[in-house]
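Below you'll find the structure, written out as structure tokens, and then a few comments.
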2 protein chains.
Amino acid sequence: MSHRPFHHGNLRAVLLEQAEAVLRERGTDALSLRELAREAGVSHGAPRSHFPDRGALLDALAERGFLRLDEEIRRAAARVRDGRAEGGHAELLRAAASAYVGFAVREPALLDLMFATKADEPPEAVRDAAGRLFATMGGLMDAGVAAGAYPASDVARLTLLLSATVQGISALVTSRRITAARGEALVDDAVTLLLSGAAAAGR
Amino acid sequence: MSHRPFHHGNLRAVLLEQAEAVLRERGTDALSLRELAREAGVSHGAPRSHFPDRGALLDALAERGFLRLDEEIRRAAARVRDGRAEGGHAELLRAAASAYVGFAVREPALLDLMFATKADEPPEAVRDAAGRLFATMGGLMDAGVAAGAYPASDVARLTLLLSATVQGISALVTSRRITAARGEALVDDAVTLLLSGAAAAGR
DNA sequence: ACTAGAAAGTAGTCAATGACTACTTCCGGA
DNA sequence: TCCGGAAGTAGTCATTGACTACTTTCTAGT
């Protein structure tokens, strides 16, 4: 809070929003600090006070991406919970997984950025945001224990597995290996198989 | 004959090999056509006759990546088949999936390139190479039908699902979200669950 | 209220790069 | 043999990220 009116107003926020638009429309390669500065009406050196280098911008974008994705999954899950209290656990997972892939379709370049190869450990802010997403996924999976879908001891592994699978489906879609529709169908298959497999293994 | 010949002889191949090394050691961002030219001992414009622009180089690298990954998975599967004829279908899938993730660990930047977001359809050569990989995966999954693990009608979907899952696990590992060891464990879980889930659903 | 100083922004510079062009060298096939 | 095109050279240009020195603005401490 207390975002006082300084020179530009709130350059950092504006840069991030513009950057997200560029990412969406022209991809990561088209992201230029100088262009962002031009469009924001500031000098080419201005972004430097908010992002030491281009990598810092990308990190900030990745962090926001994780937060947004987390939020969208939460919302999708809440819709299912509110809508039909008896929708079933599978329905919940399907909605969350579908929201994930939907995000990937709408923001392919951003998702690429979020899961891009890191030589070093990712910055703490990004790591935290990513952790939040996985925590949310874990929370959803927890509900399956109460529903008797699998033992609590399996939740951690199953959460990771589901996360990996939706991320993989997203990668297949955004890299144009399969269509978005096929991706959606895969989400269904994935959830179905996860639940039936977990039940069978737990028996 | 005292000086090096005007024509390099096999510039294209050399550039690709050097590029793969750079990719491995310093990542995609560090890939510069001019640097490659320098190290190959040719003028900065020389690569242009083999790769119209930087994107063409990246496409060629992605194509080779798919071919290599396909080859490594084939080899891993062959090892299992040769070793113990009665190793079981699960063992085969585990070996293939493990080889996939192993490739990701050894060539993270290359895998990123292979599954990077595409605005347009990928070039035909890349598409073909990727298709070969998925065909290989499908071939492995076919073996499960004879073994009675799942009906033939499920092979296509299960292949896509397994491919997506190993790709997702790879993404989690290369983006440092989980360790390589945890990735390996996830591979086991994924194969186990895929088979038990498929069996349960088929019943 | 005043002022020191940090934060935010300006302007200029530099080396590197990708993408072009015009030109040269060399190879192989009709 | 010769001729056309592939491969390579050399020069140029705009753009970019990263840096530096400097100025303006806000704020915190007294």
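Chain A is the first sequence line, chain B the second, and so forth, proteins listed ahead of strands; every chain is numbered from 1.
- If you check every strand for non-hydrogen atoms under 4.0 Å, B/R38 touches sugar and phosphate atoms only.
- For the pair A/L31 CG and D/dG17 C1', the computed distance is 13 Å after rounding to whole Å.
- Checking the phosphate oxygens (OP1, OP2) of D/dG8, no side-chain nitrogen or oxygen of B/S43 falls inside 4.0 Å.
- A/L58 places its CG atom 12 Å from the C1' atom of D/dG17, with the value rounded to the nearest Å.
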Next item on the list: Using the ring-ring contact (aromatic ring centres under 6.0 Å, His included) rule, take B/F115 and A/F115 through it: C-alpha gap first, then chi angles, then the decisive distance, then the call.
Entry: CA-CA 11 Å; B/F115 286 94; A/F115 286 94; over 10 Å; no

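- Rounded to whole Å, the distance from CD on A/E35 to P on D/dG17 is 9 Å.
- Distance, A/D53 CG to D/dT16 C1': 14 Å, rounded to whole Å.
- Put simply, the side chain of A/H44 and the base of C/dG12 share a donor and an acceptor less than 3.5 Å apart.
- The local environment of CZ in A/R127 is crowded, with over 12 non-hydrogen atoms from other residues, nucleotides or ligands closer than 6.0 Å.
- Counting non-hydrogen atoms of other residues, nucleotides and ligands closer than 6.0 Å to CZ of B/R182 gives a total of 12 or fewer.
- Distances were taken from every side-chain heavy atom of A/R48 (C-beta onward) to each of D/dA18, D/dG8, C/dG18; the shortest belongs to D/dA18.
- In this structure, A/L36 atom CG and C/dG9 atom P are separated by 14 Å, rounded to whole Å.
- Put simply, CG on B/L11 is 16 Å from C1' on C/dC27, counting in whole angstrom units.
- No side-chain donor from either of B/S163 and A/R177 sits under 3.5 Å from a side-chain acceptor of the other.
- Atom-to-atom, CZ of A/R54 to C1' of D/dT15 comes out at 13 Å; the value is rounded to the nearest Å.
- With rounding to the nearest 0.5 angstrom, the CG atom of B/L36 is 12.0 Å from the CZ atom of B/R34.
- Distances were taken from every side-chain heavy atom of A/R34 (C-beta onward) to each of C/dG9, C/dA19, D/dG17; the shortest belongs to D/dG17.
- The side chain of A/S32 has D/dG17 as its nearest neighbour among C/dT17, D/dG17, D/dA7.
- Between the CG atom of B/L33 and the P atom of D/dA7 there is a distance of 16 Å, given to the nearest Å.
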